[in-house]
Structure formats: structure tokens, C-alpha cells
Amino acid sequence: TGRLSEAIVELLVVQTTYRQVWRRLFLNLTYPVAVLLAATIVFSGILLFVIPTFKRMFDDFELRLSPVTEIVLWWGEFGVWYLFSSALVTFGLVITIPVVVGPAASQRLLQAMPLIGPIVAGSNAARWTRILSVLIRYDMPLDRALIATAEGQVDANLREFSLAAAAAIQSGQPLTSIIENSLAVPQLVAPYARWGIEQNDLAAGFREVSTTLRQHAEVRAQGFPLLVGPFIFYFIFFVTSLTVVGLMSPLLSLITSLSG
């Protein structure tokens with residue numbers, strides 16, 4: 001187009017901007033998970049080193065144990081191995097699913113997850129539409145812009161869709177119907193694309209929907225700790241209370257019997 005250097009500079013700005021957006025999203029998403037992981041590590045230490053000591057004490061005094069104490073002791077004997085096995089299975093699934101079903105299908109599975117899925121899908125679609133906006137604004141034909149966007153796309157699902165959409169456009173299909181008939185792109189994109197076509201400024205339509213998708217993803221990411229945090233807090237509180245009650249109640253019974 002004669003303005004290649006300008007387009008490259010703007011694309012670099014887009015990449016930098018969305019890298020910063022992803023960093024903020026990542027921090028919002030990982031904080032509750034990090035808290036739960038830290039609590040799991042502490043609880044595993046209690047299962048391995050604290051509860052066995054109490055179990056030997058209960059056996060020495062031949063104490064009658066309540067159901068709550070039995071549950072806590074069972075976790076002390078078998079629970080840590082269940083946690084370890086679950087972690088191994090989860091890690092194995094994360095590694096094998098992309099290999100078995102392919103990167104595009106694994107991306108669709110990720111985006112179908114509650115809470116996290118819409119954040120990932122929205123932020124990736126925001127980046128995708130913003131790059132398309134830049135390429136189209138610098139007079140690149142739509143089919144070529146889709147192919148160029150696919151080549152630099154980190155989202156395998158959107159990469160696959162971009163190539164398929166480029167082929168469909170080359171065969172004469174309208175852009176809006178391609179988007180409306182696909183699950184790879186948020187349906188919010190179609191009305192903005194239609195508006196851009198009607199205004200003879202498709203780049204503006206993609207730019208506006210990119211901003212909207214990015215804002216939606218950031219709002220969801222900011223609300224994620226607020227939504228998940230209380231559940232994690234109450235879960236940790238429940239497990240801690242159950243453990244303390246289960247370990248202390250036999251000792252209190254022993255003290256009461258001795259004092260009586």
C-alpha cells in the first residue's frame with residue numbers, strides 16, 4: 001500500500017498493548033488460584049506430618065473417636081495421595097488433550113470453561129479484530145488480511161477460522177454470514193462488522209468491537225477474584241475448622257474424663 005512502515009509500527013503497538021492486557025488478565029486470574037494452591041500445600045503438610053502424630057496419640061490412649069475425627073484421620077492416611085494423584089491426572093490431561101484433539105479443539109475446550117473461558121475468548125477476539133482493523137485500514141483486501149492475521153495468531157481456533165473465512169470470502173460469501181455461522185468468533189463481532197460495511201468503513205467496525213471485547217474481558221477478569229475469592233475462603237475455613245475440631249475433640253474428651 002506504500003505505507004508498510006506505518007502499518008508495521010501500528011501492529012507493534014497493538015501487540016504491545018494486548019501483551020499488557022494479557023498480563024493484567026493473568027494476574028487477576030491467577031491470584032485466587034495461587035491462594036488455593038498455597039492452602040493445598042499447607043494442608044498437604046498437615047496431612048503428612050501433623051495428623052499421623054495425633055493418630056499415634058489417639059491409639060496410645062485408646063480413645064473413642066468421633067466420625068469427624070475418623071474423617072480427618074482417613075485424610076491423613078490416604079488424602080494426600082488422592083491430592084497427588086489428582087494433580088498428576090490434571091497435569092497429564094493438560095499435556096495430552098492438545099496432542100490428541102489438536103490445538104484448535106483444545107482452545108475451544110478452554111473457551112467453553114465457565115468463568116475463565118469467556119475471558120480468554122474475549123481477549124483473544126479483541127486482539128484478532130484489532131489486527132484486522134489495522135490491516136484493512138491500510139487497504140489490504142479482506143481475504144489477505146484474514147490470512148495475514150492467521151499467520152500471527154496465537155489462538156489456534158481463531159487461526160483456523162481466519163483461514164476458513166478467507167477461503168469463504170474468496171468464494172463470494174459475505175463476511176457477516178461467515179461470522180454468524182461460526183462459534184469461533186463472539187457473535188458480538190457480527191453487528192459491528194455489519195455496521196462497518198454499511199458505513200463503508202469495516203476497519204472502524206473492527207476497531208470498535210475490539211475495544212468493546214477488551215473492556216468486557218477486563219471487567220470479567222477484575223470480577224473473577226471477587227466471585228471466586230469468597231468460595232475459596234469458605235472452603236479453606238471449612239477444611240481448617242473440620243481439621244481442628246477432628247483433632248481437638250478427642251483430646252478435650254480425654255481431659256474431661258481425667259478431670260472428672
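These figures come from a predicted structure and were not determined experimentally. All heavy atoms count here, side chains included; hydrogens, waters and symmetry mates do not.
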(message) I need the minimum non-hydrogen distance between Ala148 and Leu135, along with the two atoms involved.
(response) CB-CD1, 3.9 Å
(request) Answer yes or no: is there a donor N or O on one side and an acceptor on the other, between the side chain of Ser177 and the main chain of Gln173, under 3.5 Å? (result) no
Under 3.5 Å, which donor-acceptor pairs link side chains of residues 216-227 to any protein atom two or more places apart or in another chain?
{"unit_1": "Glu218", "atom_1": "OE2", "unit_2": "Arg24", "atom_2": "NH2", "d": "2.5"}

(message) Can you give me the closest heavy-atom contact between Ser133 and Ala203, atom names plus distance?
(response) OG-O, 2.8 Å
(message) Within the 4.5 Å heavy-atom criterion, are Ile147 and Ser162 side-chain neighbours or not?
(response) no
(request) Give, for atom CZ of Arg207 and atom OG1 of Thr212, the distance between the pair rounded to the nearest 0.5 Å. (result) 11.5 Å
(request) Check Ser182 against Ala184 and note the closest heavy-atom contact, atom names and distance. (result) OG-N, 3.0 Å
(message) Nearest 0.5 Å, please: how far is CG in Asp59 from CG in Leu63?
(response) 9.0 Å
(request) First locate atom CD of Glu70, then atom CG of Leu65, and finally report the distance between them rounded to the nearest 0.5 Å. (result) 5.0 Å
(request) Identify the two heavy atoms, one from Leu242 and one from Val72, that lie closest to each other, and give their separation to 0.1 Å. (result) O-CG2, 3.6 Å
(request) Answer yes or no: does atom CG of Asn200 have more than 12 heavy-atom neighbours from other residues, nucleotides or ligands under 6.0 Å? (result) no
(request) Decide, yes or no, whether a salt bridge links Glu10 with Arg137 under the criterion of side-chain N to carboxylate O below 4.0 Å. (result) yes
(request) Decide whether Ser66 and Thr69 meet the rule of one side-chain donor and one side-chain acceptor closer than 3.5 Å. (result) yes
(request) Answer with yes or no whether the hydrophobic clustering places Phe54 together with Trp74; edges join I, L, V, M, F, W, Y residues whose side-chain heavy atoms lie under 4.5 Å apart. (result) yes
(request) Give a yes or no on whether the ring-centroid distance for Tyr18 and Trp22 is below 6.0 angstrom. (result) no
(request) Kindly state each residue pair satisfying ring-ring contact (aromatic ring centres under 6.0 Å, His included) with at least one member in residues 94-127, sequence neighbours excluded. (result) none
(request) Check Leu247 against Phe58 and note the closest heavy-atom contact, atom names and distance. (result) O-CZ, 3.4 Å
(request) Any chance you could measure Phe84, atom CZ, to Leu47, atom CG, to the nearest 0.5 Å? (result) 14.0 Å
(message) Going by ring-ring contact (aromatic ring centres under 6.0 Å, His included), name the pairs with one or both residues in residues 233-254, residues two or more places apart or in two chains.
(response) none
(request) Output every pair passing side-chain hydrogen bond (donor to acceptor under 3.5 Å, both in side chains) with a member in residues 85-113, not counting sequence neighbours, ordered by first then second residue. (result) Arg108-Asn157, Arg108-Glu160, Gln111-Asp155
(message) Would you compute the distance between atom CD1 of Ile236 and atom OG1 of Thr40 and round it to the nearest 0.5 angstrom?
(response) 7.5 Å
(message) Under a 4.0 Å threshold between the charged nitrogen and the carboxylate oxygen, would Arg194 count as salt-bridged to Glu180?
(response) yes
(request) Might you work through the side-chain contact (heavy atoms from CB on, under 4.5 Å) test for Ser249 and Val68, ending with a clear yes or no? (result) CA-CA 9 Å; Ser249 57; Val68 174; 5.9 Å; no
(request) Give me the other members of the hydrophobic cluster that Leu93 sits in, counting Ile, Leu, Val, Met, Phe, Trp and Tyr linked by side-chain heavy atoms under 4.5 Å, directly or via other members. (result) Val89, Ile97, Val100, Val101, Leu109
(request) Determine, using the 4.5 Å side-chain heavy-atom cutoff (strictly less than), whether Val35 and Leu29 are members of one ILVMFWY cluster. (result) yes
(request) Tell me whether Leu37 is reachable from Phe43 by hopping between hydrophobic residues (I, L, V, M, F, W, Y) whose side-chain heavy atoms are closer than 4.5 Å. (result) no
(message) Return the OG1 to CZ distance between Thr129 and Arg214, rounded to the nearest 0.5 Å.
(response) 10.5 Å
(request) Quick one: closest heavy-atom pair of Pro32 and Ile232, and the distance? (result) O-CD1, 3.3 Å
(request) Examine Val33 and Leu115 and state if one hydrophobic cluster contains both, with Ile, Leu, Val, Met, Phe, Trp and Tyr joined whenever side-chain heavy atoms are less than 4.5 Å apart. (result) no
(message) Clusters formed by hydrophobic residues whose side-chain heavy atoms approach within less than 4.5 Å: which one holds Leu213, and what are its other members?
(response) Trp128, Leu132, Ile136, Leu142, Leu146, Leu158, Phe161, Ile169, Leu175, Ile178, Ile179, Val185, Leu188, Val189, Tyr192, Ile197, Leu202, Phe206, Val209
